[in-house]
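This report concerns only the one structure given below.
Please read these numbers as outputs of a predicted model, since none were measured by experiment.
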Amino acid sequence: MAGAEGSAGLQSELEPVVSLVDVLEEDEELENEACAVLGGSDSEKCSYSQGSVKRQALYACSTCTPEGEEPAGICLACSYECHGSHKLFELYTKRNFRCDCGNSKFKNLECKLFPDKAKINSGNKYNDNFFGLYCICKRPYPDPEDEIPDEMIQCVVCEDWFHGRHLGAIPPESGDFQEMVCPACMKRCPFLWAYAAQLAVTKVSVEDDGLVLNVDGIGDQEVIKPENGDHQDSTLKEDVPEHGKDAVTEVKAEQTNEPCTSSSSESDPQTALKNQHLNTESQSGCRLQDLNAKQLIKKDIATYWPLNWRSKLCTCKDCMKMYGELDVLFLTDEYDTVLAYENKGKVDQAADRRDPLMDTLNSMDRVQQVELICEYNDLKTELKDYLKRFADEGTVVKREDIQQFFEEFQSKKRRRVDGMQYYCS
């Protein structure tokens with residue numbers, strides 16, 4: 001018996017003690033994360049009536065549209081109201097998407113919130129994410145068969161999610177970059193390499209004996225070499241419009257010995273000079289054409305970009321036409337970013353939050369308000385005195401202690417009410 005008591009005492013000592021402050025802080029952090037992802041989306045009304053929403057939280061229903069069927073996406077409100085008991089894939093956020101819930105892709109389901117939908121939404125774009133598969137490895141997340149700890153990073157262009165180890169280069173620390181462009185999208189939009197040499201957050205790679213970008217040696221990079229005085233690249237003929245082709249072939253990777261990160265870009269003189277060059281109005285009116293370059297070094301890797309890098313992209317008539325042909329006009333929209341969406345969600349949620357005590361007070365008459373304030377003051381004073389005893393003795397407050405306090409407080413309250421004694425502490 002004594003051994004059992006000793007074992008129980010030892011177990012009690014080893015149990016982690018979590019303070020109320022710890023619980024509240026963790027709860028607040030989780031609430032802020034939820035506000036960031038969901039705050040910009042309506043949880044009660046189907047978003048279909050808004051058309052193609054610039055950015056919203058999306059879900060895919062494996063119950064209604066399993067793999068093998070046509071992919072479909074549903075808004076936040078429909079995930080609650082129409083698919084509450086279904087198996088859902090959380091897609092985080094997607095741009096320019098219109099809710100599919102209940103349309104022709106759903107054989108046996110009618111949307112409860114907005115049933116009058118078109119058969120299909122031709123403007124929507126889909127990928128393997130809508131069947132719960134991600135990255136070039138086409139695996140689920142979380143993956144029960146993957147024992148390698150790795151974070152998933154979303155490409156800002158195609159909006160697919162990738163394992164860090166499948167992006168061709170070791171990702172920088174998460175705080176050192178804001179957005180990522182995957183290797184496939186860098187190949188589809190090669191004009192970005194011109195800006196990458198100036199703006200991208202670079203990372204030293206041991207395998208390449210140098211920087212992923214801005215390298216001295218050629219190694220295994222693909223280099224556009226001059227031919228007859230001009231740079232030519234056969235891969236650009238089909239992928240890039242004429243304007244983008246001319247600009248890209250004039251670009252080289254700047255040679256440098258230090259990697260550039262977003263956290264140090266403001267204090268790095270060389271980076272400041274590059275940004276000044278990009279911000280200066282060019283003589284030709286096109287920043288892309290005027291990037292000082294001799295050759296373009298390309299690799300089959302992802303690139304990582306700092307905060308506000310999009311603002312450095314040229315917006316001349318020819319470049320805007322090129323963006324349109326490549327279907328990346330959204331890169332010039334400052335409100336397209338996930339960060340802008342999250343910030344909007346936080347602001348909207350903060351504005352909607354109300355103090356429940358003040359709401360209750362506003363619904364009462366003057367006498368009821370005074371009585372409630374008196375009860376609140378009594379509770380605050382007695383709870384403070386009760387907890388102070390534990391603090392003075394250095395003991396942990398247990399669930400039973402809190403239950404006992406409220407039972408005694410309710411008992412005192414009943415005695416006061418029965419005796420018609422109202423007072424404020």
Side-chain angles (χ1 to χ4, degrees), residues 33-43 45-61 65 70-79 88-101 103 105 114 117-118 120-135 141 152-162 177-182 184-186 188-189 191-192 195 302-305 307-311 313 315 319-320 322-348:
E33 290 180 1
C35 287
V37 179
L38 307 179
S41 301
D42 195 322
S43 62
K45 297 179 181 178
C46 176
S47 64
Y48 182 85
S49 61
Q50 302 175 40
S52 294
V53 180
K54 183 184 291 289
R55 186 169 291 281
Q56 63 175 317
L58 282 183
Y59 300 82
C61 182
T65 56
E70 289 188 79
I74 59 177
C75 68
L76 175 64
C78 288
S79 74
L88 301 179
F89 297 124
E90 185 177 355
L91 304 179
Y92 196 53
T93 70
K94 302 278 187 188
R95 68 168 64 87
N96 300 331
F97 199 94
R98 196 171 196 182
C99 181
D100 286 322
C101 180
N103 67 12
K105 296 186 175 187
F114 202 105
K117 288 187 172 77
I120 61 170
N121 295 312
S122 58
N124 287 355
K125 295 182 179 180
Y126 307 91
N127 58 19
D128 289 328
N129 294 177
F130 289 81
F131 296 117
L133 302 176
Y134 309 90
C135 190
Y141 183 82
M152 300 289 284
I153 307 175
Q154 188 179 34
C155 173
V156 69
V157 178
C158 67
E159 297 193 299
D160 194 0
W161 291 83
F162 297 85
F177 70 99
Q178 188 61 46
E179 294 182 314
M180 180 273 290
V181 180
C182 73
C185 289
M186 287 300 298
R188 188 173 73 83
C189 305
F191 75 91
L192 286 175
Y195 291 100
T303 51
Y304 303 88
W305 304 80
L307 184 66
N308 297 327
W309 71 274
R310 299 191 192 193
S311 64
L313 297 178
T315 55
C319 279
M320 293 298 286
M322 178 181 68
Y323 302 151
E325 292 173 348
L326 291 172
D327 197 21
V328 292
L329 273 172
F330 54 81
L331 289 178
T332 63
D333 182 0
E334 62 178 318
Y335 297 105
D336 170 79
T337 65
V338 173
L339 180 63
Y341 169 84
E342 291 180 343
N343 288 338
K344 179 180 181 299
K346 291 176 182 178
V347 171
D348 291 347

Inset, instruction - I would like to know whether R98 and S47 meet side-chain contact (heavy atoms from CB on, under 4.5 Å); could you show each step before the answer? - result: CA-CA 7 Å; R98 196 171 196 182; S47 64; over 6 Å; no
Legend entry - Full working for side-chain contact (heavy atoms from CB on, under 4.5 Å) between L339 and Q178: CA-CA 8 Å; L339 180 63; Q178 188 61 46; 3.8 Å; yes
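Considering every non-hydrogen atom in both N103 and A118, the closest pair reads CB-O, 3.3 Å. Across S49 and F114, no two heavy atoms sit closer than the pair CB-CE1, 3.7 Å. In plain terms, the two heavy atoms of A302 and M180 that are nearest each other are CB-SD, 3.9 Å. In this structure, F130 and A60 approach most closely via the heavy-atom pair O-CB, 3.2 Å.
Here L331 contributes atom CG and S311 contributes atom OG; the two are 12.0 Å apart, rounded to the nearest 0.5 Å. Distance check: I153 CD1 to C135 SG gives 10.0 Å after rounding to the nearest 0.5 Å. To the nearest 0.5 Å, atom CG of residue D160 and atom CG of residue L133 are 9.5 Å apart. In this structure, the separation between CG on L88 and CG on L58 is 11.5 Å, given to the nearest 0.5 Å. Once rounded to the nearest 0.5 Å, the distance linking CD of E342 with OG1 of T93 reads 7.5 Å. To the nearest 0.5 Å, the span separating CG on N308 from CD on E334 amounts to 8.5 Å.
Side-chain contact between C75 and S41 is absent, with no heavy atoms from C-beta onward closer than 4.5 Å. Within the 4.5 Å cutoff, the side chain of M152 has no heavy atoms near those of the F162 side chain. Taking 4.5 Å as the limit, some side-chain heavy atom of V338 sits within range of a side-chain heavy atom of Q154. Annotation: side chain of V53 is not in contact with side chain of N96 (no heavy-atom distance under 4.5 Å). Residues C99 and C78 have side chains in contact (heavy-atom distance under 4.5 Å, counting atoms from C-beta outward).
Tested against W161, the residues F89, Y92, Y141 include a single ring-ring contact (aromatic ring centres under 6.0 Å, His included) partner, Y92. Shown are L326, T303, V157; of these, the side chain to side chain contact (heavy atoms under 4.5 Å, CB included) with C185 is made only by V157.
Between the side chain of E90 and the backbone N or O of Y59, no donor-acceptor pair lies under 3.5 Å. A donor-acceptor pair under 3.5 Å is absent between the side-chain atoms of N121 and the main chain of G123, judged by distance alone. Looking at T337, its side chain does come within 3.5 Å of a backbone N or O of A340 through a donor-acceptor pair.
Residues D336 and R310 are paired through a salt bridge, judged by an N-O separation under 4.0 Å between the basic side chain and the carboxylate.
A donor-acceptor contact closer than 3.5 angstrom links the side chains of N129 and K94. The closest side-chain donor-acceptor pair between Y341 and N343, if any, does not fall under 3.5 angstrom. Residues W309 and E179 bring a donor and an acceptor atom of their side chains to less than 3.5 Å of each other.
Residues forming a salt bridge (Lys or Arg N to Asp or Glu O under 4.0 Å) with E159 (at least two apart in sequence, or on another chain): R55, R95. The side-chain contact (heavy atoms from CB on, under 4.5 Å) test applied to I120 returns S104, not counting sequence neighbours. Contacts of A72 classified as side-chain contact (heavy atoms from CB on, under 4.5 Å), with partners at least two apart in sequence or in another chain: T65, D100, K105, F106. Every side chain to side chain donor-acceptor pair (under 3.5 Å) that D128 has, sequence neighbours left out, goes to K138. For Y323, the side-chain contact (heavy atoms from CB on, under 4.5 Å) test picks out F191, Y195, L313, C314, C319, M320, V328, L329, T332, with sequence neighbours left out. For K45, the salt bridge (Lys or Arg N to Asp or Glu O under 4.0 Å) test picks out no residue, with sequence neighbours left out.
For Y48 and F97, the gap between ring centers reaches or exceeds 6.0 Å.
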